[in-house]
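Lettering follows sequence order; numbering is per chain, from 1.
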Amino acid sequence: MGELDAVQLETELLERWSKEGTFQASIDARRNGAPFIFLEGPPTANGKPGIHHVVARTFKDLVCRWKAMEGFLVERKGGWDTHGLPVEIEVQKRLDLMSNEAIEAFGMAEFNQACRESVWTYEAAWREMTERMAYWVDLDNPYVTLDNNYVESAWWALKQMFDKGLLYRGHKVLPFCPQTGTSYSSHEVALGYKEVTEPSVYVKFKLVDDNASILAWTTTPWTLPGNVGLAVGPEVTYARCRIKEAAGEHWTGAGGADVGEEVIIAKDLMKEVLRHHVDIVEEFSGSALVGRAYEPLFPGAVPRGESTTAWTVLAADWVTTTDGTGVVHTAVMYGEDDYNLGMEAGLPAHHTVGMDGAFVPGIHPELDGRYVKDCDATIIELLSASGGTNGKGPSSGLLYREKDYAHDYPHCWRTDHPLLYYAMDSWFVRMTAVKENLLKYNSQVEWAPDWVGEGRFGEWLRNVKDWAISRERYWGTPLPVWRSETGEMKCVGSIKELQDEVAKANAAGIENPACPDDVDLHRPVVDEFTLLSDSGLPMQREPFVMDCWFDSGCASFAQWHYPFENEDVFDGSFPVDYICEGVDQTRGWFYTLLAVSTAVFDEMCYKRCLSLGLILDAEGKKMSKSRGNIVDPWDHFNREGADATRWYMVTAGAPWNPMKFDPNGVRETYAKMFLTLWNVYKFHADYAALDGFDPDSEGVAVHERSPLDRWVLSRLASVGQAYHENFVGWDFHKAARDLEDFMVNDVSNWYVRRSRRRLWDEADSHDKLSCQHTLHEVLVTVCRFMAPISPFMADEIHRNLTGQSVHVAPWPAGVPGSLEGATSDAWDEQAAKATATLPPQDSDLEATMALVRELAEAGRRIRIDANRRQRLPCAQGWIVAGPNLQAFHDLLAEELNVESIQVENDLDRFQQVELAPNFRALAPKARAHVNDVANAIRSADDPEALLAEIVDGGAEVLGVLVEEGDVEIKRVERDGFAAQTVEMNGADGQSLHVSLVLDMNDTPALLSKGMARDITRRVQAKRKALDLAIEATIDLEVWMVNGPEMMADDEHWVASETRAAGCVFHEASATPPSDAEHFEVDGTTVHFTVS
RNA sequence: GCGCGGGUGGCUUAGUCGGUUAGAGCACCCGGCUGAUAACCGGGAGGUCGCAGGUUCAAGUCCUGCCUCGCGCACCA
């Protein structure tokens, strides 16, 4: 029997699949089926694939394969995400172009060319991984987001939005990364929150015409030079406090206040903020402060311009007293609320910080030109100086306190630098205008798990913000909007339109480069076109590219170059049936798909979405390059194979739960599921070959087969049915765990073990044929069920058994996709049943066999308790109570090693009654006494008598009338017998107590027989050690010291079992040769030689 | 801070409507069985079911608070 080499098996199959075109065949075979549309979330190929990609691809693949087996037509177009910041950053690192200036000096065209190439860096690695793991997807005709066709479709979509008024140009405060020079949308920001501890400061804003200062708090000292206002809550109560005495020694950090100095702060926050003993001089509401002027902290940093409200106190109803001082420092350009308030109140809008993240000249000699995040200490120092930064503060300076403040702050998801909130020009999609539709379509999606859709994703949609889609970058889908000086705008939705507009501009005398049909829709090419506005002005393209999430959000139609081509294909495949990605895509792809389809088509995009949990390492830590705990899928592909890796990933837990990837788990899966399956198959195949078994020959009707056969077939049907239902409910892990358990425990450890002797029979027999058919049917069906999860071994075995690939085989639970009028939206159970191929179920038989197996185990326990070795037979075994097991008496006798099985009808001979309280029934009657009553029942002196009384109308126990339903009657073996009792659930739901009793008396015949078995076992082991062929014959000689009298029949039995042509049992006086094997059992020493 | 999902022997995990002694696998120990595979069977050791309260005759399960891990939201001053 050949050893299993899973890796070789798989690589050979891969070759075969590729030679035979099995993937295509599996699609073609369902050409007439109803379509099931899968949409691939495009990965970027400029990073190496890891084990988490294998997980996602396994779940994508298994659903597609499953649906295909159900008869659906499942085409699977691959895709690549090729634009965006990740690509640019890779290239920037490689070419050492760490700023936008550097890129422009290098040349935008050259830079973008480098990006275009960089995108494919790991394509080969992705392809190899994809093929090796058997993810069936069409990588030869994928959609690629950088293709002109794809970009053109994206342009078309933008124009739809533009025409609907959903695309607009705005000026907003956005999270901005000075390193990459670009702002981010909220879903990108969400990728980069990190907890940081930074100095926060309480600053005194000295009032003009008053000695008091208003205290305000900020966590971003770098925004202080930009301060132009203070916001107070009009309803909030503020207190004017006078410092009573100097602070104690516990003061830490910079800042302070002199005795007699006065500060204004929200009354509720005095305790929180003030570190001095103070007297409250006065209390007033915030509105009393409104309009008061204060001294600018950095005079001259912001020009006053026309503003009359600059450096005064303003009212804002969003000011709270949950933290800070109840006074909000307002720097118009660096906070969303600040900006809105500033616009309302007419504060000067002036940048104190450049796009490079450094202070602009003229702020302060010590700050100008420095990166703002490096200036915290300097600013604190400047404020603390006597008189403060403006020289008009108190002698204690303008800083009251500094305090380290820990909070989550957004960081650039690519460069890890802190983001700055920064007012800038940007383009937006008005998602807030279609919020209701987003919610409506989301509610129609079948989410797995459902709480992601309702909870996490729903939450996100309820808080939806306009989508900032423009990026001040180079490599991406260019924003197709041209704009004139006066703000006239035109959005271009196709190449044709661009050509028309260029022609129009050229006709008006504008000079433009050529615009051929294959014009590259990227920067800088498109930047060079100047178009003509309706009023005759030149228009330049808005110099942005799109958020790359917008690209992938267009995948459902842009993959088909819709609407320029493939209109019918698109119409037939939208919305898609199924997508599957990691839960981290909730705000990524899951959102952008829905956002685009809602804005463009006013429709949902996907009907079902499987959201996968994160992949953690064996310790439960997130896998990341920096931690170095990434698992390389090839470690397992090359050791246990892709089958075991995939099966492990599916069985490790619910798909949406975080998965701890334990390399040892893969090994375990291999040893259990795949070795077992393979050996069962080999067992079948070897005998089938030996006997010339033909599965297509006339079989044996199931009802004519042995109970063992009917049992395993019934189990197959039960497990298969549940397997299918678990698939439908997304519980792939439960399905696979149950199938594995069935394979290992029911098929291998019981059915095959019990059937071995049936196949040894060298003559053709009805029973042998039944067994072969049964095993054949079990294996074929198991292979079909497991094929979606682990497609290799299932195919190998299926091909060998049927001559056909499992991947074109039908799903055993039915093939609804092939039925007339089928849709992918619902499993038509009635219709599908007609095509199901599961064998008949017999639940009584399953329950009976469960009992038989328990009795067999009970027998082993009895022997251990009684210290009787397994191979020494017992004369007799009694089965007490329970159902009729006649059909299994032979089997049990063999398992138990007893000469005969008898049914004992007199229960009392071997069993006694035990009573247990039924709390559910008893509790309402006995109430607080239930435990006392329960104990009384349990410890009754004479349970039989008590039971009789209960049955006879009820017994009074501690004042409670105990009736039949109040107790559970348990029958257990009587003390003093070699017996065990097992419990089973009868067909009527009653629990039955069945005892097994073994006769422990020895007779010469039993001792002889037992010895024969021991000798046989040793000789067989020796044969195996000598590596003899199964049919090889031997000569056997046996010597015994202190042995039992051997019966002639037993000696013959030993000879025949061990295929001993010559077999000699020597007289007790004979001396064995010195090289004889020997062993000892129950006081007998046995020597033997095999030759 | 708010929301979601977790926390059950060394590890992985099951646990229904609240019901008697919390179930399995891996690893470990002892024993058995085997022409049966990296197998199988029996037994053992190993559990304050995150912590603390509460409801109840009875809580891994329900309620409240807290701790902790992960994820998400808000992060504002």
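Taking a cutoff of 4.0 Å between a charged side-chain nitrogen and a carboxylate oxygen, Arg757(A) and Glu1057(A) qualify as a salt bridge. A salt bridge does not link Arg860(A) to Glu857(A): none of the charged nitrogens lies less than 4.0 Å from a carboxylate oxygen. The existence of a salt bridge linking Lys1022(A) and Glu1077(A) is confirmed by a sub-4.0 Å separation between a basic side-chain nitrogen and an acidic carboxylate oxygen. For the pair Arg667(A) and Asp662(A), the salt-bridge criterion is not met [side-chain N within less than 4.0 Å of a carboxylate O]. A salt bridge links Glu895(A) with Arg754(A): the distance from a Lys NZ or Arg NE/NH1/NH2 to an Asp or Glu carboxylate oxygen falls below 4.0 Å.
In this structure, CZ of Arg757(A) is placed 10 Å from C1' of G35(B), rounded to the nearest angstrom. Atom CG of Leu675(A) is separated from atom C1' of C40(B) by 14 Å (rounded to the nearest Å). Atom CZ of Phe457(A) and atom C1' of G5(B) are 19 Å apart (whole Å). Spacing between atom CG of Asn463(A) and atom C1' of C75(B) amounts to 12 Å, rounded to whole angstrom units. Put simply, CG on Asp741(A) is 12 Å from P on C40(B), counting in whole angstrom units. Atom C1' of nucleotide A14(B) and atom CG of Asn726(A) are separated by 14 Å, given to the nearest angstrom. Residue Trp451(A) contributes atom CH2, which lies 14 Å from atom P of C73(B) at whole-angstrom precision. We find that CD of Glu740(A) is positioned 13 Å from C1' of U13(B), with the value rounded to whole Å.
Closest to the Arg861(A) side chain, of the nucleotides G43(B), U37(B), C57(B), is G43(B). Nearest nucleotide to the Lys660(A) side chain, out of C73(B), U12(B), U37(B): U12(B). In the set C57(B), C76(B), U37(B), U37(B) carries the atom at the smallest distance from any side-chain atom of Thr676(A). When each of A77(B), U20(B), G70(B) is scored by its nearest atom to the side-chain atoms of Trp217(A), the top-ranked nucleotide is A77(B). Between U20(B), C57(B), C17(B), one nucleotide has an atom nearer to the side chain of Arg938(A) than all others, and that is U20(B). Considering only side-chain atoms of Gln1020(A), the nucleotide from G42(B), G35(B), C71(B) that sits closest is G35(B). Here A39(B) is the nucleotide among A39(B), G5(B), U20(B) with the atom lying nearest to any side-chain atom of Asn749(A). Closest to the side chain of Arg920(A), from the set A77(B), C33(B), C17(B), is C17(B). Taking every side-chain heavy atom of Asn745(A) into account, C41(B) is the closest of A77(B), G43(B), C41(B). When each of C33(B), C75(B), G35(B) is scored by its nearest atom to the side-chain atoms of Lys465(A), the top-ranked nucleotide is C75(B).
The backbone N or O of Thr220(A) sits less than 3.5 Å from a side-chain atom of Thr218(A), completing a donor-acceptor pair.
Residues Asn227(A) and Tyr294(A) bring a donor and an acceptor atom of their side chains to less than 3.5 Å of each other.
Comparing the C1' positions of G10(B) and U16(B) gives an interatomic distance of 29 Å, to the nearest angstrom. If you take atom P in C11(B) and the same atom in C4(B), they sit 28 Å apart, rounded to whole Å. Atom C1' of G1(B) sits at a distance of 35 Å from the matching atom of U56(B), rounded to the whole Å. Comparing the P positions of U68(B) and A14(B) gives a spacing of 25 Å, expressed to the nearest Å. Distance check on atom P: G7(B) versus G50(B) gives 7 Å, rounded to whole Å. For the P atoms, the distance from G18(B) to U64(B) is 16 Å, rounded to whole Å.
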Summary of protein contacts for nucleotides 22-28 of chain B, nucleotide by nucleotide, where a base hit scores B, a sugar-phosphate-only hit scores S (4.0 Å, heavy atoms): ---SS--
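Between A77(B) and Thr219(A), a contact under 4.0 Å exists linking OP1 or OP2 to a side-chain N or O.
Between Phe590(A) and Trp447(A), the gap from one ring centroid to the other is short of 6.0 Å.
For C71(B), its base sits under 3.5 Å from the side chain of Arg456(A) at one donor and acceptor pair at least. Side-chain atoms of Arg860(A) and base atoms of G32(B) include no donor and acceptor less than 3.5 Å apart.
A pairwise comparison of heavy atoms in Phe919(A) and Ala934(A) identifies CZ-CB, 3.9 Å as the closest pair.
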